[in-house]
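We name chains A, B, ... by the order of the sequence lines, and we start the count at 1 in each one. Because only heavy atoms are used, hydrogens play no part in the values below, and waters and symmetry mates are left out as well, while side chains stay in.
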Number of protein chains: 2
Amino acid sequence: MLLEEVAMFKELDPLLHSQLRLAVISLLASLEEADFVYLREKTSSTAGNLSVQLEKLSEAGYIEVEKGYSGKRPRTTCRITETGRKAFEDYVEALKSYF
Amino acid sequence: MLLEEVAMFKELDPLLHSQLRLAVISLLASLEEADFVYLREKTSSTAGNLSVQLEKLSEAGYIEVEKGYSGKRPRTTCRITETGRKAFEDYVEALKSYF
DNA sequence: TAAATAAGTTTATAATATAAACCAAATATT
DNA sequence: AATATTTGGTTTATATTATAAACTTATTTA
């Protein structure tokens, strides 16, 4: 029984290996809560793109999305979950194997 | 004339924001020279995928690819260019804006 | 009341990543 | 010697992604 070589580079979670999703998670990791408009502004993304990516993060259980109102206007609020936080930490750790 | 807000997150060079291409550049950044088979093994990639990604890095001028022989067998040798090294450094720097 | 704005969602498209299939030459097997 | 296998790749096909354009619905503003 030989020693298998340990993989040199760690897998990069494809859900986080996306510029916009990574930016979103990065923001939520330090803010704990942010709404759609704030995220759109800080990430300089289009609403369409952001909407799609939030949906993916939400499906993966990395964030929670709450659709409510601020006065009469719709307001979508996002929070990172523990799963999401862990995934973010793992992603950062995995990246280190590339440097 | 107002102060424009500085973009919070830096752009991630799409050429390097790819697991396999990043692994290749990472290897070449520290090795200065590596052949196809070595890269395939260290990155645990398929030959087809590697071939495509080497071609992209080469087209971008990030690496130089030399096709020769080792005895009678084909041997493809790769080296990082200064452009490639700079791009890698910039990529790492840009990533920091996400952490 | 019409036009513009806000806050998103849905849909279309182009680019990507990836593996499967293929190829030519060298080596090993019978 | 003929055939099969391995080596070192390339080309092609496919499924997934990332992204913006187009659309929707409600709310202000003129």
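- Nearest-nucleotide assignment on DNA chain D puts the 5′-proximal partner with Val52(B), out of Val52(B) and Gly48(A).
- Residue contacts shown for Arg40(A) are absent, as no nucleic acid heavy atom lies under 4.0 Å away.
- Thr46(B) comes within 4.0 angstrom of a base, heavy atoms only.
- Taking 4.0 angstrom as the limit, Arg21(A) places none of its side-chain polar atoms (N or O) nearer than this to OP1 or OP2 of dT17(D).
- What separates CD of Glu55(B) from C1' of dA19(C) is a distance of 18 Å, to the nearest Å.
- At a threshold of 4.0 angstrom between heavy atoms, the contacts of Gln53(B) include nucleobase atoms, whether or not backbone atoms are also involved.
- Under the 4.0 Å criterion applied to side-chain N and carboxylate O atoms, Glu66(B) and Arg79(B) are assigned as salt-bridge partners.
- For Glu59(B) and Lys56(B), the salt-bridge test fails: no basic side-chain N is under 4.0 Å from an acidic carboxylate O.
- Rounded to an integer number of Å, the gap from CD of Glu59(A) to P of dT17(D) is 11 Å.
- Taking atom CG of residue Leu12(A) and atom P of nucleotide dT16(D), one finds them 20 Å apart after rounding to whole Å.
- Each of dG9(D), dA26(C), dT28(D) was ranked by its minimum atom distance to the side chain of Arg73(A); first place goes to dT28(D).
- Rounded to whole angstrom, the span from the CG atom of Leu50(B) across to the C1' atom of dG9(D) amounts to 10 Å.
- The residue among Pro14(A) and Lys72(A) whose nearest nucleotide of DNA chain D lies closer to the 5′ end is Pro14(A).
- In this structure, His17(A) and Tyr91(A) have tilted ring planes: the angle between them lies in the 30° to 60° band.
- Between dA7(C), dT19(D), dG9(D), one nucleotide has an atom nearer to the side chain of Leu20(A) than all others, and that is dT19(D).
- Among the protein residues, Ser45(A) comes within range of no part of the nucleic acid, since none of its heavy atoms lies under 4.0 Å from any strand.
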Query raised in the report: Which is it for Asp90(A) and Asp13(A) under the side-chain contact (heavy atoms from CB on, under 4.5 Å) test, yes or no, and what are the steps along the way?
Result: CA-CA 8 Å; Asp90(A) 288 351; Asp13(A) 180 350; over 6 Å; no
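- The two residues Leu28(A) and Arg85(A) have their closest heavy-atom pair at O-NH2, 4.5 Å.
- In this structure, NE2 of His17(A) is placed 9 Å from P of dA18(D), rounded to the nearest angstrom.
- Considering only the side chain of Ser18(A), dA18(D) comes nearest among dA18(D), dG9(D), dT18(C).
- With distances taken from any side-chain atom of Ala47(B) to the nucleotides dT27(C), dG9(D), dG8(C), the minimum falls on dG9(D).
- In this model, the phosphate group of dT10(D) is approached by a side-chain N or O of Lys67(B) to a distance below 4.0 Å at OP1 or OP2.
- Distance CG (Leu22(A)) to P (dT17(D)): 16 Å, rounded to an integer number of Å.
- Between Lys56(B) and dA17(C) there is a side-chain polar atom (N or O) within less than 4.0 angstrom of OP1 or OP2.
- Comment: Lys86(B) does not engage Glu89(B) in a salt bridge, judged by the lack of any side-chain N to carboxylate O separation of less than 4.0 angstrom.
- For Leu57(A) and dA18(D), the CG to P distance is 10 Å, given to the nearest whole Å.
- Looking at the side chain of Asn49(A), the nearest of the listed nucleotides dT27(C), dA20(D), dA7(C) is dA20(D).
- Residue Ser51(B) is classed as a base contact, given a heavy-atom separation below 4.0 Å to a base.
- In this structure, Leu16(A) places its CG atom 15 Å from C1' of dT17(D), rounding to the nearest Å.
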